[in-house]
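In this chain, numbering begins with 1 at the start of the sequence shown. Since the structure is predicted, the reported quantities are computational estimates derived from the model, not experimental observations.
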Amino acid sequence: CTLVFEAGNIIGLENRLTGETLGSQLKGRIELAGIRLLKTSIQTDDMALSSLKTSETSVEARYQGQKATYTLAAQAHPNGDVILTQTGLSEVPGVAEIYWGISGVNASDTSLTVPGASGVEIDSSYKLDGYEFQWPMTWEAQMIILKTRKGGFLIWSNDTDFRFKDFQYRRREGRWELRFGTQNVAPFDGLKAASSVAWRITAFRGDWTVGAQIYKEWMGENLGFSPLLEEMSWAKDIRFVVIMNVEKNLLLPLSEQVNSSATLLYIPNWRFYEYDRNYPNYTASPQFPEFLSEAHRLGFRVMVHTNYFGVSPDHPLYSDMKKYQMRDPFSGNLLWWEWTKADPPIYIAYINPASAQWRSIFVETLKDVKERYGVDAFHLDCSWAVWNDANGPIDGLTSTQGNLELHRQLHEAMPDVAFSGEGLNELTIRYERFAQRHVILGIDHVAQTWDTNLIDHLHPISAFLFCPYNI
């Protein structure tokens, strides 16, 4: 592909496989490329080009101003890709993130296919004029597709270090503004420099699956994915999930209506305690062992609910775990789950899974549940939730690395147990065989409302990328 730049931003793209050209030569403020600090942002629109180095296959542009330096490098790969990297320096500390962007692409004859919020296609009829997808929570795989009539552009990162990044789109005056960012590891306070992951732009011809397949193959080869565990063949056979309470009397009539061996019973309220209270105490209710025994007799598999990083503030463990409670990277505020509709309200502290102490406690707790009751699977609530913790790395790991390590330790400790997660992304899919998917752009389960425009734009790209690694 061929790119045209203005002030460090891409304003034109050519797909030489299809002959299509996108973008606009209109000049003006673009406000995409730049450096984000804790209290402000510096745009390349407000900086001056100080040096430009070019060759047949590369270009490096440096911008200076506002007490900062921003450098964009573009390198042509022999396969036709263009690889982009950015570096930034600031005299003022607090550097959080570095951005680059694409502007001026007509939205009326293009669309954005994003593996975010379970998969969405954004076109000129999409209700939301803008949204920011955060990797790995709401942006599940580090790629998007800019789709054209004959083909498109796969825009992706080949990062294998699990760095925090984000993608934001805006639709303004009928044109796309796309921004891609790479965050520093928090805390940001004393940081004066930033460097991006490598971003790639790959042109392709054909429908969206052609571009998605390119990334899927790279993902499978480089991120350590494996198909559904063959030693756990029952998980591959599950075709139906029933969410139910510990009600033994319902099991027999249920078995007469479904194929028990292909049915997973998910039990959120299996503990002695009220739902979402007193974590991480996973003592079962008195009725649960008999319920589980009957479910197994009838051929069902049983999955119980847990919270992968949750500690209740009134639990004795919280005083020791509070030092590992995650903090927002920008405000520094402690991160919690707050459910004020309950009486009394429910609060759950989010403990960073980078903590070796927490991982040991959680793994041993679930091992005890497995050995004591013989459950088949654990649902790890909130497993998609990973923030760039303002506490910084813990025990040498970031929260993304800690999330992956916790999953690995769980699987290693209980290889015959299946794990399920809330949401699904490039981190959690390595070890989660079931997933509770979200339609956060379209359905508000708390308010019990939905939006048909947003729902009509749901797209199977996430399912395409993650199959056959998860059910």
(request) Please answer whether the main-chain N or O of Phe162 pairs with a side-chain N or O of Thr400 as donor and acceptor at a distance below 3.5 Å. (result) yes
(request) Could you grab the distance from atom CD of Gln66 to atom CG of Asp46, nearest 0.5 Å is fine? (result) 5.0 Å
(request) Decide yes or no on salt bridge (charged side-chain N to carboxylate O under 4.0 Å, His left out) for Arg170 and Asp129, but give the supporting numbers first. (result) CA-CA 6 Å; Arg170 294 195 302 257; Asp129 287 328; over 6 Å; no
(message) Using the rule salt bridge (Lys or Arg N to Asp or Glu O under 4.0 Å), only one of Arg172, Arg29, Arg171 pairs with Glu177; which is it?
(response) Arg172
(message) Looking at Glu247, I want to see if its CD is surrounded by more than 12 non-hydrogen atoms of other residues, nucleotides or ligands under 6.0 Å.
(response) yes
(message) Given 3.5 Å as the limit, does a donor-acceptor pair link the side chain of His459 with the main chain of Ile461, or not?
(response) yes
(message) Regarding Lys165 and Gln183, do their side chains bring together a donor and an acceptor under 3.5 Å, going by distance alone?
(response) no
(message) If the test is side chain to side chain contact (heavy atoms under 4.5 Å, CB included), which one of Thr71, Leu72, Ile35 qualifies with Thr87?
(response) Thr71
(request) Establish, yes or no, whether a centroid distance under 6.0 Å links the rings of Trp387 and Tyr350. (result) yes
(request) Measure from the side-chain N and O atoms of Thr306 to the backbone N and O of His379, and report whether any donor-acceptor pair falls under 3.5 Å. (result) yes
(request) Ignoring hydrogens and angles, tell me if any N or O in the side chain of Ser285 forms a donor-acceptor pair with the backbone of Phe272 under 3.5 Å. (result) no
(request) With sequence neighbours excluded, give me every salt bridge (charged side-chain N to carboxylate O under 4.0 Å, His left out) pair touching residues 184-200. (result) Asp81-Arg200
(message) Would you compute the distance between atom CE of Met326 and atom CG of Asn333 and round it to the nearest 0.5 angstrom?
(response) 14.0 Å
(request) For Ile267 and Trp270, work out which heavy atoms get closest and say how close. (result) O-CD1, 3.2 Å
(request) Take Phe188 and Asn388, measure what side chain to side chain contact (heavy atoms under 4.5 Å, CB included) needs, and give me the verdict at the end. (result) CA-CA 10 Å; Phe188 308 134; Asn388 193 353; 3.8 Å; yes
(request) State whether the side chain of Thr138 and the backbone N or O of Gln134 hold a donor-acceptor pair below 3.5 Å, judged by distance alone. (result) yes
(message) When you compare the side chains of Glu426 and Trp135, does any donor N or O come within less than 3.5 Å of an acceptor on the partner?
(response) yes
(request) State whether the number of non-hydrogen atoms from other residues, nucleotides or ligands found under 6.0 Å of Lys322 atom NZ is greater than 12. (result) no
(request) Look only at the side chain of Asp444 and the backbone of Thr449, and say whether a donor-acceptor pair between them is shorter than 3.5 Å. (result) no
(request) Indicate the atoms forming the closest heavy-atom contact of Ala186 with Pro329, along with that distance. (result) CB-CB, 4.1 Å
(message) Quick test of your reading of the model: are Asp451 and Lys127 salt-bridged, counting only N-O distances below 4.0 Å?
(response) yes
(request) Walk me through it: do Phe434 and Tyr266 pass the test side chain to side chain contact (heavy atoms under 4.5 Å, CB included)? (result) CA-CA 11 Å; Phe434 302 100; Tyr266 169 36; over 6 Å; no
(request) Consider only side-chain N and O atoms of Glu217 and Gln213, and report whether a donor and an acceptor are under 3.5 Å apart. (result) yes
(message) Minimum heavy-atom separation for Val185 and Leu191, please, with both atom names.
(response) O-CD1, 3.8 Å
(message) Just checking His305 against Tyr275, ring centres under 6.0 Å apart?
(response) yes
(message) Test side chain to side chain contact (heavy atoms under 4.5 Å, CB included) on Tyr215 and Leu154; report intermediate values, then the result.
(response) CA-CA 8 Å; Tyr215 184 76; Leu154 168 66; 4.2 Å; yes
(message) If only side-chain N and O atoms count, and only distance matters, is there a donor-acceptor pair under 3.5 Å linking Trp156 with Thr202?
(response) yes
(request) For Ser157 and Asp159, test the side chains for any donor-to-acceptor distance below 3.5 angstrom and give the result as yes or no. (result) no
(message) Taking the ring centre of each residue, are Tyr324 and Trp358 less than 6.0 Å apart?
(response) no
(message) Around atom CH2 of Trp450, are there more than 12 heavy atoms from other residues, nucleotides or ligands closer than 6.0 Å?
(response) no
(message) For a quick check under 3.5 Å, do Ser383 and Glu432 share a side-chain donor-acceptor pair by atom type?
(response) yes
(request) Considering non-hydrogen atoms only, spot the tightest contact between Pro280 and Thr365 and give its length. (result) O-CG2, 3.9 Å
(message) Would the distance check show the side chain of Lys370 and the main-chain N or O of Val375 forming a donor-acceptor pair, the cut-off being under 3.5 Å?
(response) yes
(message) Any donor-acceptor pair under 3.5 Å linking the side-chain atoms of Asn352 with those of Asp389?
(response) yes
(request) Run the numbers on His411 and Phe419 for ring pair (Phe, Tyr, Trp, His ring centres under 6.0 Å), then give the verdict. (result) CA-CA 8 Å; His411 172 65; Phe419 293 95; 7.5 Å; no
(request) Evaluate the side chain to side chain contact (heavy atoms under 4.5 Å, CB included) criterion for residues Leu465 and Met143: first the C-alpha distance (whole Å), next the side-chain angles of each, then the deciding distance (0.1 Å), finally the verdict. (result) CA-CA 11 Å; Leu465 292 174; Met143 57 84 80; 4.1 Å; yes
(message) Testing the basics here: between Ser41 and Gln43, what is the closest heavy-atom pair and its distance to 0.1 Å?
(response) CB-NE2, 3.9 Å
(message) So that I can tick it off, tell me whether Asp368 and Arg372 are bridged by a salt bridge, with the cut-off set at under 4.0 angstrom between side-chain N and carboxylate O.
(response) yes
(message) Could you check whether atom CD of Gln448 has more than 12 heavy atoms from other residues, nucleotides or ligands sitting under 6.0 Å from it?
(response) no
(request) Mind telling me whether Tyr126 and His457 have parallel, tilted or perpendicular rings, with 30° and 60° as the class edges? (result) perpendicular
(request) Supply the atom-to-atom distance Asn9 CG to Ser103 OG, rounded to the nearest 0.5 angstrom. (result) 7.0 Å
(request) Using distance alone, with no hydrogens and no angle criterion, decide if Tyr99 and Asp166 have a side-chain donor and acceptor under 3.5 Å apart. (result) no
(message) Donor-acceptor pair, distance only, cut-off 3.5 Å: does the side chain of Tyr169 make one with the backbone of Arg179?
(response) no
(request) Look at the aromatic rings of Phe133 and Tyr131 and report parallel, tilted or perpendicular, splitting at 30° and 60°. (result) perpendicular
(message) Quick check for you: to the nearest 0.5 Å, what is the distance between Ser312 atom OG and Tyr318 atom OH?
(response) 10.5 Å
(message) Suppose we call two aromatic rings close when their centres sit under 6.0 Å apart. Are Phe362 and Phe309 close by that rule?
(response) no
(request) Please name the pair of heavy atoms, one in Ser420 and one in Ala435, separated by the smallest distance, quoted to 0.1 Å. (result) OG-N, 4.1 Å
(request) Using the salt bridge (charged side-chain N to carboxylate O under 4.0 Å, His left out) rule, take Arg437 and Glu140 through it: C-alpha gap first, then chi angles, then the decisive distance, then the call. (result) CA-CA 11 Å; Arg437 301 299 272 142; Glu140 298 155 1; 3.1 Å; yes
(request) Please check if the side chain of Arg359 supplies one atom and the backbone of Pro353 the other of a donor-acceptor pair under 3.5 Å. (result) yes
